[in-house]
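Please read the structure below before turning to the comments.
Since this is a predicted model, take the numbers as computed values, not measurements.
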Amino acid sequence: MPYCVVAYDIPDDRRRLRLSRVLWGMLDRVQKSVFEGELEEHQLDRLEERIRRVVEAREDAIRIYPLCPACRRRIRRIGPSPLRADPDVWVI
């Protein structure tokens, strides 16, 4: 399943809260303005549609980064922000 990262910079508190609620329903929050998680292509399209309804394109900056499985494995982290476990992989 494709993995994606969504980052945003929104100056308006109300729109920022509305966007975080939209993202919260589909992705995991890893920083204040960064969400990530697995989405199928059609889910990503639907999420982008919902984001466009919330943001003001002239003021807000949104970045959506779809990552392939190889890119996801190469994510480097510093600090306590663990990646969500892959539900198809069991570690024993």
Side-chain angles (χ1 to χ4, degrees):
M1 183 178 286
Y3 201 79
C4 77
V5 177
V6 178
Y8 57 87
D9 184 12
I10 298 177
D12 180 78
D13 291 343
R14 188 169 169 226
R15 284 197 311 271
R16 191 171 49 248
L17 179 61
R18 288 179 62 202
L19 179 63
S20 69
R21 287 181 178 156
V22 166
L23 296 171
W24 192 274
M26 299 180 78
L27 300 169
D28 297 320
R29 181 175 237 155
V30 294
Q31 292 185 4
K32 279 189 175 180
S33 59
V34 179
F35 285 76
E36 63 185 32
E38 294 177 334
L39 292 177
E40 294 289 349
E41 195 67 35
H42 71 280
Q43 293 173 312
L44 184 56
D45 292 343
R46 192 175 64 210
L47 178 61
E48 184 176 341
E49 206 176 288
R50 293 178 66 192
I51 290 171
R52 289 183 184 279
R53 280 189 249 139
V54 170
V55 301
E56 177 60 50
R58 292 182 194 160
E59 297 181 21
D60 304 336
I62 316 297
R63 301 282 176 134
I64 302 171
Y65 303 95
L67 300 177
C68 68
C71 292
R72 181 183 178 194
R73 284 190 296 272
R74 297 180 62 199
I75 293 173
R76 297 178 186 193
R77 300 176 310 269
I78 299 172
S81 57
L83 289 176
R84 191 173 142 214
D86 187 339
D88 295 332
V89 176
W90 290 78
V91 178
I92 298 175

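- Using modelled atom types, no side-chain atom of Arg46 and backbone atom of Glu49 make a donor-acceptor pair closer than 3.5 Å.
- The shortest side-chain heavy-atom distance between Leu44 and Pro2 does not fall under the 4.5 Å cut-off.
- A salt bridge between Arg72 and Glu38 is present, with a side-chain N of the basic residue lying under 4.0 Å from a carboxylate O of the acidic one.
- Side-chain atoms of Leu47 and Leu27, non-hydrogen and from C-beta on, do get closer than 4.5 Å to each other.
- With sequence neighbours excluded, no residue forms a salt bridge (charged side-chain N to carboxylate O under 4.0 Å, His left out) with Arg14.
- Atom CZ of Arg50 is separated from atom CD of Gln43 by 11.0 Å, given to the nearest 0.5 angstrom.
- Linking ILVMFWY residues whenever their side-chain heavy atoms come closer than 4.5 Å, directly or via other members, places Tyr65 and Tyr3 in the same cluster.
- Contact between Pro11 and Asp9 at its shortest, heavy atoms only, is CD-O, 4.1 Å.
- Under the 4.5 Å side-chain criterion, counting only non-hydrogen atoms from C-beta, Ile10 is not in contact with Val54.
- In this pair, Phe35 and Trp24 present their aromatic rings perpendicular. The plane angle is above 60°, beyond the 30 to 60° band.
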Using a 3.5 Å cut-off and no angle test, enumerate the donor-acceptor pairs between side-chain atoms of residues 56-63 and protein atoms at least two apart in sequence or in another chain.
{"unit_1": "Glu59", "atom_1": "OE1", "unit_2": "Arg15", "atom_2": "NH2", "d": "3.0"}
{"unit_1": "Asp60", "atom_1": "OD1", "unit_2": "Arg15", "atom_2": "NH2", "d": "2.9"}
{"unit_1": "Asp60", "atom_1": "OD2", "unit_2": "Arg15", "atom_2": "NE", "d": "2.8"}
{"unit_1": "Asp60", "atom_1": "OD2", "unit_2": "Glu56", "atom_2": "N", "d": "2.8"}

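- The shortest side-chain heavy-atom distance between Leu23 and Tyr8 falls under the 4.5 Å cut-off.
- Atom CG of Asp12 sits about 9.5 Å away from atom CZ of Arg18, to the nearest 0.5 Å.
- Evaluation of the salt bridge (charged side-chain N to carboxylate O under 4.0 Å, His left out) rule for Glu41 yields no partner, not counting sequence neighbours.
- In the hydrophobic cluster analysis, where Ile, Leu, Val, Met, Phe, Trp and Tyr join through side-chain heavy atoms closer than 4.5 angstrom, Ile75 is grouped together with Val30.
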Assess whether side-chain contact (heavy atoms from CB on, under 4.5 Å) is satisfied between Ile51 and Ile64, documenting all intermediate values.
CA-CA 10 Å; Ile51 290 171; Ile64 302 171; 4.1 Å; yes

